[in-house]
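Notes follow the structure.
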There are 2 protein chains.
Amino acid sequence: MNKSALVYDDLRQKIDRDVYQPGTYLPSENQLCQLYGISRETGRKALAELAEDGYIQKIRGKGSIVIEHRQYEFPVSGIVSYKELAEKMNVTTENVVYGFEEHVSLPVQMFTSLRVEMTAEPVTAVKRLRVIDGEPDIIDKDYILTAIVPKLPKAAAQDSLYAYFENDLGLEIAYATKEITMEPANDEDREQLHLDPGAYVAVVRSVTSLADATPFQFTESRHRADKFRFRDFARRTKK
Amino acid sequence: MNKSALVYDDLRQKIDRDVYQPGTYLPSENQLCQLYGISRETGRKALAELAEDGYIQKIRGKGSIVIEHRQYEFPVSGIVSYKELAEKMNVTTENVVYGFEEHVSLPVQMFTSLRVEMTAEPVTAVKRLRVIDGEPDIIDKDYILTAIVPKLPKAAAQDSLYAYFENDLGLEIAYATKEITMEPANDEDREQLHLDPGAYVAVVRSVTSLADATPFQFTESRHRADKFRFRDFARRTKK
DNA sequence: TAGTGGTCTAGACCACCCA
DNA sequence: GGGTGGTCTAGACCACTAC
């Protein structure tokens, strides 16, 4: 691991464990150099990531103050897999694969608003129902490019697509564009999520790309409106 | 302006104007050094920001490839004021201030889920209706700490709170935590947004803080469900 | 005045990609 | 082997904060 990543992890851990509490200051940059035996720019890199992730706020002439930071909320913030999230929370979850089709066409029209170049390439289509604490809350529809993942094992869909992509195939997942809208529930939503007529669902559509900038996974995630929550941390960009 | 910011702006502008098109590579880091007369780390800083903002993807051994990037969508992504957004889009907007109360208490219970330390401090409460293309789409309820903004002119609410905070008061807005949920429309929603009974609204609650880490503005933004859209760009964080 | 973070530099070594 | 990005260093100068 990098030196800066090690410093980042150590500081973040200490913030999480309240060694450094919100409202107090971290050691100064010069002190970090001595504490960790690093150069100043290396320490600054770690601090910059902490700031980016919402752990600290840097104040010129004073120091880096610990702030109340976002915590991962269900269902998602950033790119985190359902399984990773479920492990962070203390919830019992179940994962029902109720659709699995190979060599179908990517439903391009579903993702046009995300403005990613795409064609109706062959994909593997997976439908999953996420059951949280005994209640069906989310429908996930994934379309994975056959060109990247030629033969998707059903077991991977049952367990975790991300774990399969990263650990078994060695794919490097880099970034995603996602979009949240609210839409009236369709028949499938009402059936799977046990919704009344006239109900709404929160729809998250995302396109996930690899480190070489290839979009390879298209996901439509449909959430019960009353269970949906999305948290975000944003910094003001200077003009 | 910084050298790295100048380089960032120049590159971003050229990407926006298709001088560097999606799918092609930017000049290499060493070339950027010569092109702009800067050191490599300075250029790298500019490139890191472009990557963070979703403009490029850096590929080791190859270069920095331009990717399709997010564009600002109505109503919000990151911290951008309503006025700034309206100017980026080509829409006619109207801004109706229909509530203005000074020296009231902050409705703490509305924002508890954002887990920011707060007390029922005195605030100025502003209610605004955003009318887009002749249709009322958004209700914004802002609560601004009197301790930071003692006397908020009504004209500022009519124009732009952000412009007033930044340009007139010299406040430095740094970051915000926000949360998106879906909730049944209440009476006020139905009246202002002309909704039917049983309709839902998308609710964005946010807490905005200054550069010295002081939370000073609490906002509840209620959107017509059918007009709500939120776009996000996220990078996969390495474990 | 001393300490803080903000920026920039010139150089080094490494891992990766590709011809 | 030559070019690319990834990381780290040691030092410099600046702007801001606090006393």
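Because only heavy atoms are used, hydrogens play no part in the values below, and waters and symmetry mates are left out as well, while side chains stay in. First the proteins, then the strands, lettered A, B, ... as listed; each starts at 1.
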Under 3.5 Å, which donor-acceptor pairs link side chains of residues 36-45 of chain A to any protein atom two or more places apart or in another chain?
residue : atom : partner : partner atom : Å
A:Y36   : OH   : A:D10   : OD2          : 2.5
A:S39   : OG   : A:T42   : OG1          : 3.1
A:R40   : NE   : A:E29   : OE1          : 2.9
A:R40   : NH2  : A:E29   : OE1          : 3.1
A:R44   : NH1  : A:E29   : OE1          : 3.4
A:R44   : NH1  : A:E29   : OE2          : 2.9

A:L32 CG - D:dT9 P separation (whole Å): 13 Å
N or O in side chain of A:K62 less than 4.0 angstrom from D:dA18 OP1/OP2: yes
Carboxylate-amine/guanidinium proximity below 4.0 Å for B:R130 and B:D140: yes
B:I65 CD1 - D:dG5 C1' separation (whole Å): 14 Å
Phosphate-side-chain proximity, B:K45 and C:dT7, N/O vs OP1/OP2 below 4.0 Å: yes
All side chain to side chain donor-acceptor pair (under 3.5 Å) counterparts of B:S64, not counting sequence neighbours: none
Distance test, side-chain N/O of B:K3 to OP1/OP2 of C:dT7, below 4.0 Å: no
Other residues, nucleotides, ligands: >12 heavy atoms within 6.0 Å of A:Q34 CD: no
If you restrict it to nitrogen or oxygen atoms, what contacts under 3.5 Å exist between nucleotides 10-14 of chain D and the protein, and what is each distance?
residue : atom : partner : partner atom : Å
D:dA12  : N6   : A:R40   : NH1          : 3.3

Integer-rounded Å distance: C:dG3 P and A:K58 NZ: 19 Å
Those residues that, when tested against B:K151, pass side chain to side chain donor-acceptor pair (under 3.5 Å) (two or more places apart): B:E102
Rounded distance in Å - CG (A:N2) to C1' (D:dG5): 13 Å
D:dT7 OP1/OP2 closer than 4.0 Å to side-chain N/O of A:T42: no
Nearest-nucleotide 5' precedence on DNA chain D, A:G61 against B:R44: B:R44
Length of the line joining B:Q31:CD and D:dG2:C1', which is rounded to integer Å: 14 Å
Sugar-phosphate only, base, or nothing, as touched by A:I59 at under 4.0 Å among non-hydrogen atoms: sugar-phosphate
Separation of atom OH in B:Y25 from atom P in C:dC17, rounded to whole Å: 11 Å
Integer-rounded Å distance: D:dG5 P and A:D212 CG: 16 Å
Nucleotide nearest B:E29 when distance is taken to its side chain, options D:dT7, C:dG5, D:dG6: D:dG6
Protein-nucleotide distance (A:M1, atom CE; D:dG6, atom P), rounded to Å: 18 Å
Partners meeting side chain to side chain donor-acceptor pair (under 3.5 Å) with A:T181 (sequence neighbours left out): A:E183
Residues that B:R128 engages under side chain to side chain donor-acceptor pair (under 3.5 Å), provided they are two or more places apart: B:D142
